[in-house]
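Before any comments, here is the structure.
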Number of protein chains: 2
Amino acid sequence: MITIYDIAKRANVSAMTVSRVINNSGRISAGTREKVKRIMEELNYIPNSTARSLVKQETKMLSLLITDITNPFFTTLARGAEDAAHQFGYKLLFGNSDEKLSKEKEYVDMVLSTRVDGLLFAPASDASAEHLAMLNVHRIPFVLVDREVPGVEADMVLGENRAGAASLTEYLVSLGHTRIALVNGLGTVSTARERHAGYREALERHRIPYDESIILEYGYNRFDDLDQLDRILRMPDPPTAIFAANNMLAVSIIGYLRDKGIGVPEHMSVVCFEDVGMASKLDPFLTVAVQPAYEFGYRGIRLLIERIRSKDEMERRVIRLPSDMIVRKSAGAPPDRL
Amino acid sequence: MITIYDIAKRANVSAMTVSRVINNSGRISAGTREKVKRIMEELNYIPNSTARSLVKQETKMLSLLITDITNPFFTTLARGAEDAAHQFGYKLLFGNSDEKLSKEKEYVDMVLSTRVDGLLFAPASDASAEHLAMLNVHRIPFVLVDREVPGVEADMVLGENRAGAASLTEYLVSLGHTRIALVNGLGTVSTARERHAGYREALERHRIPYDESIILEYGYNRFDDLDQLDRILRMPDPPTAIFAANNMLAVSIIGYLRDKGIGVPEHMSVVCFEDVGMASKLDPFLTVAVQPAYEFGYRGIRLLIERIRSKDEMERRVIRLPSDMIVRKSAGAPPDRL
DNA sequence: TTGTATGCGTTATCAG
DNA sequence: CTGATAACGCATACAA
């Protein structure tokens, strides 16, 4: 490996001089600067950032922890995060918790020892508080993205889940639906609670009774126990519409309905939070509330970098990003009205 | 920051003893081991891997460079890579070249200075050879994934593009099509060349004339200049089917046809290489050749780790992964036969 | 079983 | 404008 000493020897200067030209620090005569630069080129020298990190106590690495790398929302978010990081001279370490606390913990341990300069964190659930506490112990700055955690004070980039869910629900109501099922994420995740609140709020506004028996809960990426859905379909007064709290759930639900021969939207209307990536381009079918996923990532990283630079002197910042309802074809009037 | 010296002082041992219990190396009396461990717990000690990397000359970090982070093929590949890396105790640094050589170069420079132990590399084009050469200069092991580069000898995980493309084409032929357009990726990318070869091979096998005027070339992620497509649609004898060389192209083409009021498959059959993620779950519509994307990533990382461990003593390995044709509904008999 | 000296590649500090 | 020295946190080699 070529080091600054190799360069120094060849250039007949000290290692410090080489270091200075690399970092453009201190005054250096044009002559030696050119000479050193030339030799660095010749020898294909590349600074060792490990060594630099050790002395400077910073790695210029940020970490992004998401809960589902196969979900287009998170990959688009990742894209935004990567762009921002790259733009500001940071590298990005990715992690995928799969919505699992155990994987999340392993990942937190990993980044702790890697000494990243900061973390953009999408917590798997409220229980992530414990992992966040570890970050605090070790003074690693972090920004929460997409989800918040009760009791944890931090910079955050969140969606307007409540308003978005209310709009989607009201849209169904405007179509004539009064029996609207909610297939939600787990109650331990803030977005699920907020979407639930928005749903309920819309119902109340229109004096539609809230019925717990048509509220279902699943993990955002694990739609396994279909019996629950089956149960509400077999009710004497089954729902005529389903509000799925995220895209994966919506996709699974529609597949399930298709297998049962239940047409969407003829027999059942379906809307959901989050767009479905390529699917909506291939066939603009699903009516959704789209979140600005790229912005989540981009602004999250920016916030994080500002936090790192300002240490604890900046006051806490929370950004709320609105979602945008896109009406397509998966919801229509309830069948009994036709 | 807590260091091994802090632990050592509290435990009345030397730093080396602490280092030994951390690494389970050398013989240590059960007593001191326990004592040291307890104190590490108390102080929330976490080893500084930057320092460790510097002395051990390895970072336990691998890097994955893909060309499109929004393409489900690559995110699934990434998922496999991450699983493998995690399983073998490596961290994964992600990069996204966007099919652009300039971004690829920046990324290569970055990882070079980060001193990752190895790279899983999906080259943007044949011109990536230059960047690969830089890796060789600095003795960074790498494995090529999805695409190969002429003149570059390396371990690789590739798809059976030729056979897959031939199957897809033959399927169209079996449906009765004889005018089949190919909307391909750039000729500077190995997969595009191989898919083209497979297409041509199938045509020849069935004595169908090969017509260059219905071969189009686009970047895999940039389907902009639609005039080309328009031109072949207006031909006196337009194609009755289109073979899109990747998923993004297929999605764009179908959107374009839809806007023109051309129904798929009634007026035009469309098939493509690569599945379309959620879209195929939401509506199993597109007939495709699916590649085992997860395996690409998982096996790529395994190959890379084996290469790192064996230095240059292992012989070169090339893994070819077959694709699987899934017949859905986007292709049918040519309209003039109905 | 445990400790001491040294070095990994770089930068901060202070001296010249 | 340039250089010598120490330090970052840890592990290797050797000694005790």
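We name chains A, B, ... by the order of the sequence lines, and we start the count at 1 in each one.
Residues from residues 51-60 of chain B placing a heavy atom under 4.0 Å of any atom in DNA chain D, listed by number, are B:Ala51, B:Arg52, B:Val55, B:Lys56. Residues from residues 34-46 of chain A placing a heavy atom under 4.0 Å of any atom in DNA chain C, listed by number, are A:Tyr45.
Whole-Å rounding puts the B:Asn48 CG to D:dC8 P distance at 12 Å. What separates CG of B:Asp6 from C1' of D:dG9 is a distance of 10 Å, to the nearest Å. In this structure, the CD1 atom of B:Ile4 is 15 Å from the P atom of C:dT2, given to the nearest Å. For the pair B:Met1 CE and D:dC8 P, the interatomic distance rounds to 11 Å; values are reported in whole Å.
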Could you list the donor-acceptor pairs under 3.5 angstrom formed between side-chain atoms of residues 4-13 of chain A and any protein atom two or more places apart in sequence or on another chain?
from: A:Asp6; atom 1: OD2; to: A:Thr3; atom 2: N; distance (Å): 2.7

Enumerate, atom names and distances included, each donor-acceptor pair closer than 3.5 Å involving a side-chain atom of residues 110-120 of chain A, sequence neighbours excluded.
from: A:Ser113; atom 1: OG; to: A:Met110; atom 2: O; distance (Å): 3.2
from: A:Thr114; atom 1: OG1; to: A:Met110; atom 2: O; distance (Å): 2.8
from: A:Thr114; atom 1: OG1; to: B:Lys91; atom 2: NZ; distance (Å): 3.4
from: A:Arg115; atom 1: NH1; to: A:Leu112; atom 2: O; distance (Å): 2.9
from: A:Arg115; atom 1: NH1; to: B:Pro47; atom 2: O; distance (Å): 3.4
from: A:Arg115; atom 1: NH2; to: B:Ile46; atom 2: O; distance (Å): 3.0
from: A:Asp117; atom 1: OD1; to: A:Thr59; atom 2: N; distance (Å): 2.9
from: A:Asp117; atom 1: OD1; to: A:Thr59; atom 2: OG1; distance (Å): 3.2
from: A:Asp117; atom 1: OD2; to: A:Thr59; atom 2: N; distance (Å): 3.4
from: A:Asp117; atom 1: OD2; to: A:Lys60; atom 2: N; distance (Å): 2.7

Anything under 3.5 Å between a donor and an acceptor, one on a side chain of residues 139-152 of chain B, the other on a protein residue two or more places apart or in another chain? List them.
from: B:Arg147; atom 1: NH1; to: B:Glu99; atom 2: OE1; distance (Å): 3.0
from: B:Arg147; atom 1: NH1; to: B:Pro123; atom 2: O; distance (Å): 3.0
from: B:Arg147; atom 1: NH1; to: B:Ala124; atom 2: O; distance (Å): 3.4
from: B:Arg147; atom 1: NH2; to: B:Glu99; atom 2: OE2; distance (Å): 2.9
from: B:Glu148; atom 1: OE2; to: B:Arg320; atom 2: NH2; distance (Å): 3.4

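For B:Ser128, the side chain to side chain donor-acceptor pair (under 3.5 Å) criterion is met by B:Glu104, not counting sequence neighbours. Remark: A:Phe74 engages no residue in a ring-ring contact (aromatic ring centres under 6.0 Å, His included) (not counting sequence neighbours). In terms of the ring-ring contact (aromatic ring centres under 6.0 Å, His included) criterion, residue partners of B:Phe296 (sequence neighbours excluded) are, by chain and number, B:Phe73. Listed by chain and number, the residues in a side-chain contact (heavy atoms from CB on, under 4.5 Å) with B:Ala133 amount to none (sequence neighbours excluded). Looking at residues two or more places apart in sequence or on another chain, you find no side chain to side chain donor-acceptor pair (under 3.5 Å) involving B:Thr188. For A:Arg307, the side chain to side chain donor-acceptor pair (under 3.5 Å) test picks out A:Asp155, with sequence neighbours left out.
Side chain to side chain, A:Asp83 and A:Tyr294 meet the donor-acceptor criterion of an N or O pair below 3.5 Å.
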Identify the pairs formed between an N or O of the protein and an N or O of nucleotides 2-4 of chain D at a distance under 3.5 Å, and give each distance.
from: D:dT2; atom 1: OP1; to: A:Ser29; atom 2: OG; distance (Å): 3.3
from: D:dT2; atom 1: OP1; to: A:Thr32; atom 2: OG1; distance (Å): 3.4
from: D:dT2; atom 1: OP2; to: A:Ser29; atom 2: N; distance (Å): 3.1
from: D:dT2; atom 1: OP2; to: A:Thr32; atom 2: OG1; distance (Å): 3.2
from: D:dG3; atom 1: OP2; to: A:Ser14; atom 2: N; distance (Å): 2.9
from: D:dG3; atom 1: OP2; to: A:Ser14; atom 2: OG; distance (Å): 3.2
from: D:dG3; atom 1: OP2; to: A:Thr17; atom 2: OG1; distance (Å): 2.5
from: D:dG3; atom 1: N7; to: A:Arg20; atom 2: NH1; distance (Å): 3.1
from: D:dG3; atom 1: O6; to: A:Arg20; atom 2: NH2; distance (Å): 2.3

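For the OP1/OP2 pair of C:dT10 and a distance below 4.0 Å, the side-chain nitrogens and oxygens of A:Ser19 include no atom meeting the criterion.
Remark: B:Phe94 CZ to B:Asn96 CG distance equals 10.5 Å, nearest 0.5 Å.
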